[in-house]
Amino acid sequence: MIELLKEKQRDTRNFIPYIQLHEFEALLFFSNVGFEFMYHNRLTIEDLNKIRNRYQNPEEINDNPNTAPSKQLISVIESREKRGYDKYIHGVEIAKRIGIETMMNQCPRFGHWVNQIIQKINE
């Protein structure tokens, strides 16, 4: 991608590409802290743990379109909780509780990308 941009004489000094392996919700499975803050039904947390424990890394949760992290999250939450899941409200709050450091440590690709941004800022 950078080569294509350079061919078109675009400035790429601040371009740091990152492609998330799977959707945002995969990052939410790195810690129960956010789920426990947002949802209070013990069975919800147990079901979400079962999903996470089926995979070596939460980045791998996406086996096919029917098992995307968001679809599994919505399925569990809607079956157990009074309020549903809204990516822009609940997802952000869950992510805040987990913290970017935990996400970076658990997700090597994401962590590498964030570290590149930090390094660029410090130059």
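All residue numbers in this chain count up from 1 along the given sequence.
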*Looking only at heavy atoms, what is the nearest atom pair of I98 and T102, with distance?*
O-OG1, 3.3 Å
*Is it possible for you to say whether F24 and Y39 belong to one hydrophobic cluster, with membership spreading through side-chain heavy-atom contacts below 4.5 Å?*
yes
*For I16, check side chain to side chain contact (heavy atoms under 4.5 Å, CB included) against everything at least two apart and list the hits.*
W113, Q116, I117, K120
*Give a yes or no on whether Y88 and M103 share a hydrophobic cluster (residues Ile, Leu, Val, Met, Phe, Trp, Tyr; joining criterion: side-chain heavy atoms under 4.5 Å apart).*
no
Name each donor-acceptor pair under 3.5 Å that joins a side chain in residues 71-79 to protein atoms two or more places apart or in another chain, with its distance.
{"unit_1": "Q72", "atom_1": "OE1", "unit_2": "R54", "atom_2": "NH2", "d": "2.9"}
{"unit_1": "Q72", "atom_1": "NE2", "unit_2": "T67", "atom_2": "O", "d": "2.6"}
{"unit_1": "S79", "atom_1": "OG", "unit_2": "S75", "atom_2": "O", "d": "3.2"}
{"unit_1": "S79", "atom_1": "OG", "unit_2": "V76", "atom_2": "O", "d": "2.9"}

*Of all the heavy-atom pairs spanning E23 and S70, show the shortest one and how long it is.*
OE2-N, 2.5 Å
Sequence neighbours excluded and cut-off under 3.5 Å, please list the side-chain donor-acceptor pairs for residues 27-37, or say none.
{"unit_1": "S31", "atom_1": "OG", "unit_2": "V33", "atom_2": "N", "d": "3.1"}
{"unit_1": "N32", "atom_1": "OD1", "unit_2": "R52", "atom_2": "NH1", "d": "3.3"}
{"unit_1": "N32", "atom_1": "ND2", "unit_2": "N49", "atom_2": "OD1", "d": "2.9"}

_So which atom in P69 and which in A26 form the shortest heavy-atom distance, rounded to 0.1 Å?_
CB-N, 3.6 Å
*Is there a donor-acceptor contact under 3.5 Å from the side chain of H90 to the main chain of D86?*
yes
*asked:* Rounded to the nearest 0.5 Å, what separates atom CD in E81 from atom OG1 in T44?
replied: 3.5 Å
*asked:* For a quick test of reading the model, state the closest non-hydrogen atom pair linking Q106 to N57 and the distance between them.
replied: O-ND2, 3.5 Å
*asked:* Let's go through M38 and R97 carefully: what are the C-alpha distance in whole Å and the side-chain angles of both, what is the deciding distance for side-chain contact (heavy atoms from CB on, under 4.5 Å) to 0.1 Å, and is it a yes or a no?
replied: CA-CA 9 Å; M38 191 63 60; R97 300 288 175 205; over 6 Å; no
_To the closest 0.5 Å, what do you measure between CD1 (I61) and CD (Q56)?_
12.5 Å
*CD1 on I94 to CD1 on I89, rounded to 0.5 Å*: 11.5 Å
